[in-house]
Peer 1: 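This is the structure I want to talk about, given as structure tokens.
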Amino acid sequence: MGIGGGIFLIVIGAILAFAVSDVIEGVDLSMIGYICMGAGVIALVIALIMHSQRTNTTHTERVERRDERHIHGDGV
């Protein structure tokens with residue numbers, strides 16, 4: 001989902017919880033808003049954790065060299 005998806009859920013949830021005053025029978029829009037905000041916060045935290053783990057990687061380069069003098073037995 002990523003950082004953008006988490007922020008999107010938080011914004012949609014806040015709009016539903018605080019700005020919408022319509023009433024739909026059998027549906028509590030403010031509760032759906034709070035659920036969306038909670039899911040957005042969880043998605044945001046997970047995305048930030050995954051991003052921090054991705055930036056802590058290290059790369060090691062190994063170079064193998066062969067000396068041609070010892071392969072042919074020139075002894076020089």
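The first residue of the sequence shown is numbered 1, and numbering continues consecutively from there.
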Peer 1: Which heavy atom of Ala47 sits nearest a heavy atom of Gly2, and at what distance?
Peer 2: CB-C, 3.7 Å
Peer 1: Do any pairs count as a side chain to side chain donor-acceptor pair (under 3.5 Å) and have a residue in residues 3-20, sequence neighbours left out, and if so which ones?
Peer 2: none
Peer 1: Apply the side-chain contact (heavy atoms from CB on, under 4.5 Å) test between Ile46 and each candidate in Leu48, Ile42, Ile49; give the one that qualifies.
Peer 2: Ile42
Peer 1: Apply the hydrophobic cluster definition, ILVMFWY joined by side-chain contacts under 4.5 Å directly or through others, and give me every member besides Met31.
Peer 2: Ile35
Peer 1: How about Arg65 and Val63: do any of their side-chain heavy atoms sit closer than 4.5 Å?
Peer 2: yes
Peer 1: How many angstroms lie between atom OH of Tyr34 and atom CG of Leu29, to the nearest 0.5 angstrom?
Peer 2: 12.0 Å
Peer 1: Please check if Val41 and Ile32 belong to a single hydrophobic cluster, counting links between Ile, Leu, Val, Met, Phe, Trp and Tyr side chain heavy atoms closer than 4.5 Å.
Peer 2: yes
Peer 1: For a quick test of your reading: what N or O donor-acceptor pairs under 3.5 Å do the side chains of residues 8-27 make, sequence neighbours left out?
Peer 2:
none

